[in-house]
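Everything on this sheet refers to the single structure shown next.
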Amino acid sequence: MNDIRKIERVCVYCGSSTGDDPIYAHAAETLGAALAREGMELVFGGGSCGLMGSVARATLAQGGKVTGIIPSFLDEREIALSSVTELEVVPDMHTRKRLMFEKSDAFVALPGGIGTLEELTEQLTWIQLGRHSKPLVIADIGGFWKPLLSLFAHMHNAGFIRPGYEVRYMVAERIEDVIPMLRATRVAKSEGEETAIEKHF
């Protein structure tokens, strides 16, 4: 029997660098503070550097809960943020991604690099294939994700995203719109969806 999932934990994918434009770090800090004010827990990649550190510190500074999940080989490179509410050091990237999925009710993609892109597109793939229905917001801060969104449109126009397999996601051009978008989402939790995802990893 299906029920409605309440969004209590939000997974944020973002860069371990801050990028060249200060609007990215400002967006991460704004989102982190907003999560705490809304009583939503942050789930993130566990690093203290870049946007990852910015969003986590901002959540903690407002009294919010933060769960960091980091693979052991990145623990030193990304310098795990030890002040989080809960820190899990896992053996590999697959375990990291699986736990980030399992612990989260929704996903937000801030600007980032290849790793952020990989995490975002993997979630989009599983949403497209009906493996889960958790909401995903692409935070298109300063137009950062516009080239990717254009590529999605190109894939659709070229016949590689077929009718019935449209990619479902929301786009927020203002970071302030992310949480209202999530709050407005009513998601049916399907029994066994987490099991289906786990088999992939």
Side-chain angles (χ1 to χ4, degrees), residues 4-16 24 27-28 30-36 38-47 50-52 54-56 58-59 64-71 84 86 88 90 93-141 144-145 148-149 152 166-190 193-198 200-201:
I4 300 300
R5 177 189 294 108
K6 181 180 179 181
I7 296 175
E8 298 178 332
R9 294 169 297 275
V10 177
C11 176
V12 176
Y13 299 130
C14 57
S16 58
Y24 303 143
T30 301
L31 178 60
L35 288 172
E38 291 290 322
M40 294 177 173
E41 180 178 340
L42 168 67
V43 178
F44 83 120
L51 300 188
M52 283 200 292
S54 296
V55 68
T59 305
K65 294 183 179 179
V66 176
T67 295
I69 304 171
I70 191 168
V84 297
E86 179 182 0
E88 295 192 36
V90 297
M93 293 290 284
H94 295 295
T95 304
R96 179 200 217 180
K97 291 191 294 180
R98 176 174 60 82
L99 288 178
M100 289 174 77
F101 170 82
E102 290 176 354
K103 290 178 178 290
S104 303
D105 304 311
F107 306 92
V108 176
L110 290 172
I114 297 297
T116 304
L117 176 63
E118 189 268 342
E119 291 166 327
L120 167 59
T121 53
E122 182 167 65
Q123 288 303 332
L124 289 171
T125 300
W126 285 99
I127 292 171
Q128 182 188 38
L129 295 176
R131 295 297 86 197
H132 73 84
S133 58
K134 298 178 182 182
L136 186 153
V137 176
I138 297 175
D140 188 30
I141 307 304
F144 179 84
W145 291 112
L148 180 64
L149 298 173
F152 290 162
E166 287 81 8
V167 185
R168 292 182 293 103
Y169 56 86
M170 296 174 281
V171 177
E173 295 182 355
R174 299 170 62 251
I175 199 66
E176 293 82 4
D177 294 333
V178 170
I179 289 182
M181 284 181 172
L182 294 178
R183 284 291 191 206
T185 304
R186 297 292 181 266
V187 185
K189 181 178 180 181
S190 301
E193 72 176 17
E194 282 82 2
T195 302
I197 290 292
E198 188 171 359
H200 164 65
F201 288 99

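All values below come from the heavy atoms of this structure, side chains included, with hydrogens, waters and symmetry mates left out.
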What heavy-atom pair brings R174 and D177 nearest, and what distance separates the two atoms?
-> NH1-OD1, 2.8 Å
Flag the pair L31 / L110 as yes when at least one side-chain heavy-atom distance between them is below 4.5 Å, and no otherwise.
-> yes
So does K97 pair up with E119, basic N to acidic O under 4.0 Å?
-> no
Is the backbone of G45 close enough, under 3.5 Å, to the side chain of R96 for a donor and an acceptor to pair up by distance?
-> yes
Ion pair K103/E88, N-O distance below 4.0 Å = yes
Test: E38 and R183 ion pair at under 4.0 Å | yes
Report yes or no: does D140 contribute a side-chain atom to a donor-acceptor pair with the main-chain N or O of A172 at less than 3.5 Å?
-> no
Report the distance from atom CG of L124 to atom CZ of F152, rounding to the nearest 0.5 Å.
-> 5.0 Å
Smallest heavy-atom separation, A106 atom then L182 atom, equals CB-CD2, 3.8 Å
Where do A27 and I175 come nearest, in terms of heavy atoms and distance?
-> O-CG1, 3.4 Å
Measure across Q128 and E166 and return the closest heavy-atom pair with its distance rounded to 0.1 Å.
-> CG-O, 4.1 Å
Hey, can you tell me if F144 and Y24 have their rings parallel, tilted or perpendicular (30° and 60° cut-offs)?
-> perpendicular
Does S104 offer a backbone N or O that forms a donor-acceptor pair with the side chain of K134 under 3.5 Å?
-> yes
Return yes if a side-chain donor-acceptor contact under 3.5 Å exists between E176 and T30, otherwise no.
-> no
Is any side-chain heavy atom of I70 less than 4.5 Å from a side-chain heavy atom of V90?
-> no
Mind listing the closest non-hydrogen atom pair of I7 and M40 along with its distance?
-> O-CE, 3.9 Å
Side chain proximity check, V84 to T67, heavy atoms < 4.5 angstrom = no
Contact summary for M93 and P71, nearest pair of heavy atoms = SD-CG, 3.6 Å
